[in-house]
S.K.: 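The following block contains the structure, expressed as structure tokens.
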Amino acid sequence: MKPQWHYRPERNWINDPNGLTHYKGWYHMFYQYNPHGDQWGDIHWGHARSRDLLSWETLPIALTPNGEKGELHCFSGGCCKDEAGQPHFFYTSIGAEEDGRDCTHGAQQWYAEPADDDLLTLVQTDENALLDEIHPGFHVRDWRDPCVLRHAGQYLMVLGGCVEERGCVLLYTSPDMRRWTYRHILAISDKADGIPWECPNLIPVDGRFALVYSPCTEVRVKTGTLDAELRFIAENDDVLEPARNGFYAPQAFTDEQGRALLIGWLPEADNVPHKGWSGVMSLPRVLSITADGLCMTPIPGAENLPGVQRVSVPRESLPCTWTLHDNGKERTLLTLAPDGTLTLDRSASTLAETPDKFPITRTVPVKDANDILLAVDGSAVETMVNGKWLTARIYPTK
């Protein structure tokens, strides 16, 4: 049941997509990678590239922790092109707890510059690193995952974390991507539950902004605008993906065609350690903002991949149930109800005891004609109804 076209390296652990960029005709996807095993640890940046976002070529490791500077892990981060179109990379540097550099209280934001035009090697530096001291009078716990973009003649950076036990996204500005000023909290949780917000993305889409973040549960998105003071004025707040163990830590970027695109990580949900590999990347998605908030459609050409169907279903045909997998003893069902309840039933998806089997449900908008994508690739299942997605993992024994 190994996925065939959902990207993953041949072996070992992967998680969050990092540094997504489109440069000189190539789509580059970096990602969290443990080169020494199939469990989380010793985090480097792996690297793959593609011409079409459908078939990927695995390249050598691009970013390795700098042990001479006490770096143990290169956590997640992004890429921003300057006015000349040159890519620059940003990430969270983690060291040892005894050195005050642990991920909970001692994270630092470092830079990495490409050593070549193929972006095969990224060289990091702690010069001008962002430290928690940039915040006047308060501490950010679990401060990480920089996303940088150009806006209104300057550069914006958003970072996730937790302030006074409330998950949040924080905003910084710079004239040159090196000298940064803390501005304010861009968005913050209503609950002081101690859960940090991870992997924030602020990306322009259709004249507005989408703020995507991963609050250690379902991935969420706010759409809205930035005012003159760079305050985020939210117009819509929605679930991007409902299952933390099916889709997490997505990253968005703008390609050379001006499209806003997004790729996420599909964690394993079989609860089986040491099978040699762990994690795949999602089908790339094209972003748009409509009356329903942020919507995503599959990258053009996805319909030609094995196991992918795209159908139109009239409202009067609802409820409708699709069998995504059935081998006579195990099956997975997807149901769309007239009220917009979309349910993935995995209760009979496998005879094995360890995989997650609980149903996953979300609400989607219902139209007179409903645009539906069904994609099954080994253990990876991605479904879409009218731009809203539900992604999960299944593990049939046959």
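It should be emphasised that the depicted structure is a prediction, and the values quoted were computed from it without experimental measurement.
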S.K.: Under 3.5 Å, is there a donor on one side chain and an acceptor on the other for Y7 and Y31?
M.R.: yes

S.K.: Report the distance from atom OG of S174 to atom CH2 of W180, rounding to the nearest 0.5 Å.
M.R.: 4.5 Å

S.K.: Of the non-hydrogen atoms in R393 and P3, which two are nearest, and what is the gap between them?
M.R.: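 That closest heavy-atom pairing would be NH2-CG, 4.0 Å.
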
S.K.: Determine, using ring centers only, whether F209 and H151 are less than 6.0 Å apart.
M.R.: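 Yes - the distance between ring centres of H151 and F209 falls below the 6.0 Å cut-off.
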
S.K.: Side chain to side chain donor-acceptor pair (under 3.5 Å) between N12 and N34: does it pass, once the steps are laid out?
M.R.: CA-CA 6 Å; N12 296 328; N34 178 2; over 6 Å; no

S.K.: Under a single-linkage definition using a 4.5 Å side-chain heavy-atom cutoff for Ile, Leu, Val, Met, Phe, Trp and Tyr, are Y182 and L230 assigned to the same hydrophobic cluster?
M.R.: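 No, Y182 does not connect to L230 through the hydrophobic network.
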
S.K.: Just by distance, with hydrogens left out, do E113 and H88 show a side-chain donor and acceptor under 3.5 Å apart?
M.R.: yes

S.K.: Can you tell me if D38 and S278 form a side-chain donor-acceptor pair at under 3.5 Å?
M.R.: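 Result is no, nothing qualifies.
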
S.K.: A cation-pi test, strictly: NZ or CZ of R11 under 6.0 Å from the centre of the six-membered ring of W277 and no more than 45 degrees from its axis. Yes or no?
M.R.: no

S.K.: Let me confirm one number: the CZ-CZ distance from R144 to F75, rounded to the nearest 0.5 Å.
M.R.: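 Here the interatomic distance stands at 6.5 Å.
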
S.K.: A cation-pi test, strictly: NZ or CZ of R220 under 6.0 Å from the centre of the six-membered ring of Y213 and no more than 45 degrees from its axis. Yes or no?
M.R.: no

S.K.: Compare every heavy atom of P114 with every heavy atom of L119, then report the nearest pair and how far apart it is.
M.R.: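 Minimum heavy-atom separation between L119 and P114: CD2-CB, 3.5 Å.
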
S.K.: Under 4.5 Å between any side-chain heavy atoms of C162 and V140, yes or no?
M.R.: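 Answer no - side chains too far apart.
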
S.K.: Between L202 and L149, is any pair of side-chain heavy atoms under 4.5 Å apart?
M.R.: yes

S.K.: When you check the side-chain N and O atoms of H139 and D132, is any donor under 3.5 Å from an acceptor?
M.R.: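 Judged by distance alone, the side chains do pair up.
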
S.K.: Let me confirm one number: the CG-CZ distance from D356 to R346, rounded to the nearest 0.5 Å.
M.R.: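 CZ of R346 is found 5.5 Å from CG of D356.
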
S.K.: According to side chain to side chain donor-acceptor pair (under 3.5 Å), who are the partners of Q109, at least two apart in sequence or on a separate chain?
M.R.: T92

S.K.: Among W40, Y33, W45, which residue meets the ring-ring contact (aromatic ring centres under 6.0 Å, His included) test with H73?
M.R.: W40

S.K.: Salt bridge between K275 and D270, side-chain N to carboxylate O under 4.0 Å?
M.R.: yes

S.K.: To the nearest 0.5 Å, tell me how far S347 OG sits from F358 CZ.
M.R.: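 If we round to the nearest 0.5 Å, S347:OG and F358:CZ are 12.5 Å apart.
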
S.K.: Evaluate D118 against K24 for salt bridge (charged side-chain N to carboxylate O under 4.0 Å, His left out), listing each step before the verdict.
M.R.: CA-CA 9 Å; D118 291 324; K24 296 195 172 182; over 6 Å; no

S.K.: For residues N327 and P396, report the shortest heavy-atom separation together with the two atoms involved.
M.R.: ND2-CB, 4.3 Å

S.K.: Looking just at side-chain N and O atoms, do N18 and Q32 make a donor-acceptor pair shorter than 3.5 Å?
M.R.: yes

S.K.: With side chain to side chain donor-acceptor pair (under 3.5 Å) as the criterion, how do S288 and D206 come out once you've worked through the C-alpha distance, each side chain's angles and the decisive distance to 0.1 Å?
M.R.: CA-CA 6 Å; S288 63; D206 294 338; 4.7 Å; no

S.K.: Ignoring hydrogens, what is the shortest heavy-atom contact between W265 and I14? Give both atom names and the distance.
M.R.: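 Where W265 meets I14 most closely, the heavy atoms are NE1-O, 3.2 Å.
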
S.K.: If you measure only the distance, is there a donor-acceptor pair under 3.5 Å linking the side chains of T335 and T321?
M.R.: yes

S.K.: Dump the intermediate steps for side-chain contact (heavy atoms from CB on, under 4.5 Å) on L344 and T332, then the final yes or no.
M.R.: CA-CA 7 Å; L344 184 70; T332 304; 3.8 Å; yes

S.K.: Let me see the working for E235 and R208 under salt bridge (charged side-chain N to carboxylate O under 4.0 Å, His left out), right down to the final yes or no.
M.R.: CA-CA 10 Å; E235 300 169 346; R208 286 178 165 76; 2.7 Å; yes

S.K.: Please assess V219 against V239 for the test side-chain contact (heavy atoms from CB on, under 4.5 Å), listing each intermediate value before the final yes or no.
M.R.: CA-CA 6 Å; V219 181; V239 173; over 6 Å; no

S.K.: Is any side-chain heavy atom of I372 less than 4.5 Å from a side-chain heavy atom of L336?
M.R.: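 In short, these two side chains touch, coming nearer than 4.5 Å.
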
S.K.: Verify whether one side chain among S50 and E57 offers a donor that lies under 3.5 Å from an acceptor in the other.
M.R.: no

S.K.: Measure up the Y23 and H28 rings against each other and bin them: parallel (under 30°), tilted (30 to 60°), perpendicular (over 60°).
M.R.: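 Rings of Y23 and H28: tilted, 30 to 60°.
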
S.K.: Can you confirm whether the side chains of R244 and T217 place a donor and an acceptor under 3.5 Å from each other?
M.R.: no

S.K.: Please check: side-chain N/O of K398 versus main-chain N/O of E330, any donor-acceptor pairing under 3.5 Å?
M.R.: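 A pair under 3.5 Å: no.
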
S.K.: Just wondering, do H6 and L266 contact through their side chains at under 4.5 Å, heavy atoms?
M.R.: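 In contact.
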
S.K.: Just one of V221, L287, T223 clears the side chain to side chain contact (heavy atoms under 4.5 Å, CB included) bar with V212, so which one?
M.R.: V221

S.K.: In the structure I gave you, are the side-chain heavy atoms of M177 and D82 within less than 4.5 Å of one another anywhere?
M.R.: yes

S.K.: Could you tell me if S93 and R101 have a donor-acceptor pair between their side chains, going purely by distance under 3.5 Å?
M.R.: yes

S.K.: Do K388 and R362 make a side-chain contact, defined as non-hydrogen atoms from C-beta onward lying under 4.5 Å apart?
M.R.: yes

S.K.: State whether E382 and R285 are salt-bridged, where the test is any N-O pair (Lys NZ or Arg NE/NH1/NH2 against Asp/Glu carboxylate O) under 4.0 Å.
M.R.: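 Here E382 pairs with R285 in a salt bridge, since their nearest N and O are under 4.0 Å apart.
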
S.K.: Does any donor atom in the side chain of E241 or T391 lie under 3.5 Å from an acceptor atom in the other side chain?
M.R.: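 T391 and E241 do have a side-chain donor-acceptor pair below 3.5 Å.
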
S.K.: Is there a side-chain contact between W110 and I94, using heavy atoms and a 4.5 Å cut-off?
M.R.: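 No, every pair of side-chain atoms sits at 4.5 Å or beyond.
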
S.K.: Evaluate L226 against R231 for side-chain contact (heavy atoms from CB on, under 4.5 Å), listing each step before the verdict.
M.R.: CA-CA 5 Å; L226 292 176; R231 300 283 179 182; over 6 Å; no

S.K.: Let's go through E164 and R141 carefully: what are the C-alpha distance in whole Å and the side-chain angles of both, what is the deciding distance for salt bridge (charged side-chain N to carboxylate O under 4.0 Å, His left out) to 0.1 Å, and is it a yes or a no?
M.R.: CA-CA 9 Å; E164 296 181 351; R141 176 169 59 79; over 6 Å; no

S.K.: Specify the closest pair of heavy atoms between R259 and I299, including all atoms of both residues, with the distance to one decimal.
M.R.: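 Distance-wise, the nearest heavy atoms are NH1-CD1, 3.7 Å.
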
S.K.: For N128 and Y111: C-alpha separation, side-chain torsions, deciding distance, then whether side-chain contact (heavy atoms from CB on, under 4.5 Å) applies.
M.R.: CA-CA 8 Å; N128 296 319; Y111 307 92; 3.9 Å; yes

S.K.: For residues Y155 and P175, determine if any side-chain heavy atom of one lies less than 4.5 Å from a side-chain heavy atom of the other.
M.R.: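 They are not in contact (no side-chain heavy atoms under 4.5 Å apart), so the answer is no.
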
S.K.: Let's go through F30 and Y91 carefully: what are the C-alpha distance in whole Å and the side-chain angles of both, what is the deciding distance for ring pair (Phe, Tyr, Trp, His ring centres under 6.0 Å) to 0.1 Å, and is it a yes or a no?
M.R.: CA-CA 11 Å; F30 304 87; Y91 73 99; over 10 Å; no

S.K.: Compare every heavy atom of K367 with every heavy atom of D292, then report the nearest pair and how far apart it is.
M.R.: OD2-NZ, 2.7 Å

S.K.: Would R51 pass as a cation-pi partner of Y27, given that its NZ or CZ must be under 6.0 Å from the six-membered ring centre and within 45 degrees of the axis?
M.R.: no

S.K.: Any donor-acceptor pair under 3.5 Å linking the side-chain atoms of S214 with those of E198?
M.R.: no

S.K.: Given ring pair (Phe, Tyr, Trp, His ring centres under 6.0 Å), test W143 with H105 step by step and report yes or no.
M.R.: CA-CA 8 Å; W143 184 47; H105 298 292; over 10 Å; no

S.K.: Report yes or no: do D345 and T343 form a side-chain donor-acceptor pair below 3.5 Å?
M.R.: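 Per modelled atom types, D345 and T343 side chains form no pair under 3.5 Å.
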
